[in-house]
2 protein chains.
Amino acid sequence: MKNNIKIERARHNLTQGDLAEKIGVSRQSINAIEKGKYVPSALLAIKIARLFKLPVEELFFLEDGE
Amino acid sequence: MKNNIKIERARHNLTQGDLAEKIGVSRQSINAIEKGKYVPSALLAIKIARLFKLPVEELFFLEDGE
DNA sequence: ACAAAAAGTAAATTATACTTTACATTTTGT
DNA sequence: ACAAAATGTAAAGTATAATTTACTTTTTGT
């Protein structure tokens, strides 16, 4: 799963730490998700998408094999 | 997290087993998610929403405290 | 160039998603 | 009513998401 979190953070001028705090997770979780190290829960995905006022599908996208 | 999976399954005439097979998870996982026993991964959520041609946000919704 | 902030990363632990097997209950079709 | 299919549920195990602590590297501002 890829995502545009980094881009949206930039648009909103948020650091990973800021985003983590707003969403209620650790900074490392944001970093790991952002870098595609693991797939977040649907809850997290929805919260982040909502914060950026984007549909989940426009923030997270499946890759070929998924 | 609540969801409308049961309703959408009905609209599409799919059993939990059918859905599980199409998505690639166990029937029990579908049952548990459908009943709100746990929050699925974003991957699963997106796959299910896509199958039903619905935005994730129209299939899964956060409740008050979430 | 320098200091401070932000981002990357890693190991160890905890929480939870998901599977498998197995069985009980409910629903559906005839 | 009966049988078959579908759903509900539970326990034990595996996989992986998320946390914490701690340290290194990169980026940003002055």
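Just so it is clear: chains get the letters A, B, ... in the order the sequence lines come, proteins before strands, and each one is counted from 1.
- Rounded to an integer number of Å, the gap from NZ of A:K35 to C1' of D:dT25 is 11 Å.
- The nearest heavy atom of DNA chain D to B:D18 and to B:Q28 marks one nucleotide each, and the one closer to the 5' end goes with B:D18.
- Closest approach of B:N13 and B:D18 over heavy atoms only: O-OD2, 4.2 Å.
- For the OP1/OP2 pair of C:dT16 and a distance below 4.0 Å, the side-chain nitrogens and oxygens of A:S41 include no atom meeting the criterion.
- One distance of note links CD1 of A:I5 with CZ of A:F60; it measures 4.0 Å at 0.5 Å rounding.
- Rounded to whole Å, the distance from NZ on A:K37 to C1' on D:dT19 is 15 Å.
- Straight-line distance from the CD atom of B:E34 to the P atom of D:dT7: 8 Å, rounded to whole Å.
- At least one side-chain nitrogen or oxygen of A:N31 sits closer than 4.0 Å to the OP1 or OP2 atom of C:dG8.
- Side-chain atoms of B:R27 and base atoms of D:dA6 include no donor and acceptor less than 3.5 Å apart.
- Here A:R9 pairs with A:E34 in a salt bridge; the nearest charged N to carboxylate O distance falls below 4.0 Å.
- The distance from atom CE of B:M1 to atom P of C:dT16 is 14 Å, rounded to the nearest whole Å.
- Within the 4.0 angstrom heavy-atom criterion, base atoms lie near A:S29.
- Taking atom CD of residue A:E21 and atom P of nucleotide C:dA7, one finds them 13 Å apart after rounding to whole Å.
- Computed from coordinates, the A:I48 CD1 to D:dA18 P distance equals 9 Å when rounded to whole Å.
- If you take CG of B:L44 and C1' of C:dT19, they are 12 Å apart, rounded to a whole angstrom.
- Of the possible polar contacts, none joining the B:E8 side chain to the B:L59 backbone as a donor-acceptor pair under 3.5 Å is found.
- As rounded to whole Å, 11 Å separates atom P of D:dA18 from atom NZ of A:K47.
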